[in-house]
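The block underneath contains the structure these notes are about, expressed in structure tokens.
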Amino acid sequence: MAEISKNIYESLLKQIEGYSPTIESVEVGYVEEVGDGIARANGLENIRFSELVRFQNGTIGMAFNLESDNVGIIIMGNYDNIQEGDEVRPLGRIASVPVGMSLVGRVVDALGTPIDGKGPIVSTEYYNVERIAPGVMERRNVDRPVQTGIMAIDSMIPIGRGQRELIIGDRQVGKTAIAIDTIINQKGQGMYCIYVAIGKRRGEVARLVATLEENGAMEYTTVVVASASDAASLQYIAPYSGCAIGEWFMENGKDALVVYDDLSKHAWAYRQVSLLMRRPPGREAYPGDVFYLHSRLLERAAQLSNERGGGSLTALPIIETLLGDVSAFVPTNVISITDGQIYLEAELFYSGQRPALNIGISVSRVGGDAQTNVMKRIAGGLRIDLAQFRSLAAFAQFGSDLDPATQRQLDRGLRLMELLKQGQYQPMKLSDQIALIFAGTGGHADKIPADRVKEWQESYLRYFNSQYAALAENIATNKKMTDDVRAGLTEAVTTFNQNWS
């Protein structure tokens, strides 16, 4: 017994002698005021902008206002249990999210925490949510297409890898449907997708995720959610987090597509946070830097130069208008930042033209650079035909006596509009688009009754893909318009029309 006691004594003595005290200096602040998702704290003199902090109850916050006598903190979660006088400790890192392949197929919140019940995300790399956009010399021309699978967009408003193309329109006219169709169509095209849901109902997000899973799109997609029930601070930070996740793919030589759905709600969340922070309001009560809010986000989309790895990040921001007013404050801001816009019109939508694309206002500032050779050669006259049809259709309402040439243009335009109608979640492959546009612009569908155009389209595509499979494969692989391809398309549609009734 005495021997055991001696051994314990010697062991304790050795540990005491070997102990060297360390002093850790930790900056601690105290909450002065809390409420509405905002806290003000004093004592945090060395904190940086966007640095994360932890409150006494474990809730995370982010430094948002750095003032002379206190720090304004936006609270990333429940603030009910935070009291005046509670401790606030800086975490020593700027707001950041995990990045990498481990996020593919997952649903995460604005801070990158998984909310899909599939276990933790194991990631060794973190990117700050706010990052500086690539400089001019680090970029190169946008010259590779993003195939959306939507014929009206791929033919007339092409989107390139590295472009920023705005989707704009009133509520419930198919803006999200275009974005989801584009994500679904990226299967097998080497594109990683990030869908950022801002201010949407959780039930709506669950349905979107289920649709992506049904179509096999979650295999290459990450969903970032800041729902309507989440704090305004999380809705504000969500698009920057989604962009950071996409930038990892871009900087590792891959191609990524990020959808911000939608930036109107993002601006509302930022306005709410700014007003609570007592920042001076400007037009429509938005703070003065609301333009910078979106420009610093969208400028991060780029096609990197070959020296930087050649990766790309394509942005599809969505903006909701009120009664078609594209001249409102936030819509005009985002239109001026992006490389074009896809404008969806409520009147067209309710008349059954879906996607409800207004060809006159919609534009891509990258244009034919992002189109394949075969699409550029085939679809060149489509936009002009449709523009003429729209002006003639408006004129024809006032009179019935039309000359034969005008009547022919109206009839062709009507059939082209029918051909451009496309069902939701039914993206179309390139060869099918080429076959239909060639038939429509070449006048091969002019004699088809307008109410039977969809029936003719389905039958023709079945015939084309079975009898002219080699031609379809040639178009899909080479993407070039040659004399042989043109002759094959003419033969296919002529032969089919002779036997179709």
Within residues 349-371 or reaching into it, pairs that qualify as salt bridge (charged side-chain N to carboxylate O under 4.0 Å, His left out) - sequence neighbours excluded
none

Any donor-acceptor N/O pair, Arg106 side chain to Pro114 backbone, under 3.5 Å
no

Less than 4.5 Å apart, side chain to side chain, heavy atoms only: is that true for Ile159 and Leu316?
yes

Whether Phe64 and Tyr236 hold their rings parallel, tilted or perpendicular, with breakpoints at 30° and 60°
perpendicular

Would you say the side chain of Pro427 lies within less than 4.5 Å of the side chain of Lys187, judging by non-hydrogen atoms?
no

Does any non-hydrogen side-chain atom of Thr441 lie less than 4.5 Å from one of Asp385?
yes

Hey, do the aromatic rings of His294 and Tyr270 have their centres closer than 6.0 Å?
no

Which pair of non-hydrogen atoms, one from Pro317 and one from Leu263, has the smallest distance, and what is that distance?
CB-CD1, 3.6 Å

Under-4.0 Å salt bridge between Glu284 and Arg271:
no

Between the side chains of Glu214 and Tyr425, is a donor N or O closer than 3.5 angstrom to an acceptor N or O?
no

Go through the structure and list residues passing salt bridge (charged side-chain N to carboxylate O under 4.0 Å, His left out) with Arg161, not counting sequence neighbours.
Asp255

How close do Val330 and Ala267 get, counting heavy atoms only, and between which atoms?
CG2-CB, 4.0 Å

Any side-chain to backbone donor/acceptor pair from Thr113 onto Asp109? Under 3.5 Å, distance only.
no

How many angstroms lie between atom CD1 of Ile74 and atom CD1 of Ile60, to the nearest 0.5 angstrom?
12.5 Å

Just by modelled atom types, is the Asp143 backbone N or O under 3.5 Å from a matching donor or acceptor in the Asn141 side chain?
no

Among residues at least two apart in sequence or on other chains, which ones pass side-chain hydrogen bond (donor to acceptor under 3.5 Å, both in side chains) with Glu299?
Arg164

Donor-acceptor pair, Arg48 side chain versus Gly92 backbone, under 3.5 Å?
yes

May I ask you to test the Leu297-Tyr260 pair for a side-chain heavy-atom distance under 4.5 Å?
yes

Step-by-step side chain to side chain contact (heavy atoms under 4.5 Å, CB included) determination, Glu165 to Ile153:
CA-CA 11 Å; Glu165 183 78 9; Ile153 293 173; over 6 Å; no

Tell me whether Thr321 contacts the main-chain N or O of Val326 through its side chain, where contact means a donor paired with an acceptor under 3.5 Å.
no

Heavy-atom closest contact (Ile150 atom, Pro355 atom, distance)
CG2-CG, 3.7 Å

Show me the donor-acceptor pairs within less than 3.5 Å that the side chains of residues 173-180 make with the rest of the protein, sequence neighbours left out.
from	atom 1	to	atom 2	distance (Å)
Lys175	NZ	Asp170	O	2.7
Thr176	OG1	Asp261	OD2	2.7

If a pair satisfies salt bridge (charged side-chain N to carboxylate O under 4.0 Å, His left out) and one of its residues is in residues 453-463, list it, with sequence neighbours excluded.
Arg452-Glu455

Starting from the C-alpha separation in whole Å, work towards a yes-or-no answer on side chain to side chain contact (heavy atoms under 4.5 Å, CB included) for Met156 and Leu386.
CA-CA 10 Å; Met156 293 181 285; Leu386 287 175; 3.7 Å; yes

Return the CZ to CG distance between Arg171 and Leu344, rounded to the nearest 0.5 Å.
14.5 Å

Gln409 side chain to Phe389 main-chain N or O, any donor-acceptor pair under 3.5 Å?
no

Non-hydrogen side-chain atoms of Arg144 and Ser312 separated by less than 4.5 Å
yes

Do the side chains of Tyr240 and Arg296 get nearer than 4.5 Å, heavy atoms only?
yes

Ion pair Glu418/Lys421, N-O distance below 4.0 Å:
yes

Between atom CD1 of Ile38 and atom CD1 of Ile73, what is the distance when rounded to the nearest 0.5 Å?
9.5 Å

If we ignore hydrogens and angles and just use 3.5 Å, is the side chain of Asn185 paired with the main-chain N or O of Gln147 as donor and acceptor?
yes

To the closest 0.5 Å, what do you measure between OG1 (Thr148) and CD (Gln186)?
8.0 Å

Could you state the interatomic distance from OG (Ser305) to CD (Glu138), rounded to the nearest 0.5 Å?
7.0 Å

Nearest-0.5 Å distance, CG of residue Leu357 to CD of residue Gln422
11.0 Å

Ring pair (Phe, Tyr, Trp, His ring centres under 6.0 Å) with Phe329: of Tyr286, Phe291, Trp268, only one passes, and it is Tyr286

Any donor-acceptor pair under 3.5 Å linking the side chain of Ser431 with the backbone of Ile475?
no

Please determine if Lys429 and Asp154 form a salt bridge, counting it only when a charged side-chain N lies under 4.0 Å from a carboxylate O.
no

Evaluation steps, side chain to side chain contact (heavy atoms under 4.5 Å, CB included), between Ile319 and Asp262
CA-CA 6 Å; Ile319 285 284; Asp262 64 77; 5.7 Å; no

Nearest non-hydrogen partners of Ile194 and Gly246, listed with the distance:
CD1-CA, 3.5 Å

Smallest heavy-atom separation, Tyr220 atom then Ile183 atom, equals OH-O, 2.7 Å

Is there a side-chain contact between Gln457 and Leu436 in this structure, where contact means two heavy atoms from C-beta onward sitting under 4.5 Å apart?
yes

On a heavy-atom basis, the closest approach of Gln235 and Lys265 is OE1-O, 4.4 Å

Could you name each residue pair satisfying salt bridge (charged side-chain N to carboxylate O under 4.0 Å, His left out) that touches residues 470-486, not counting sequence neighbours?
none

Within the 4.5 Å heavy-atom criterion, are Arg279 and Asn65 side-chain neighbours or not?
yes

Pair Glu347-Asn358, side chain to side chain contact (heavy atoms under 4.5 Å, CB included): steps then yes or no:
CA-CA 10 Å; Glu347 194 179 319; Asn358 182 318; over 6 Å; no

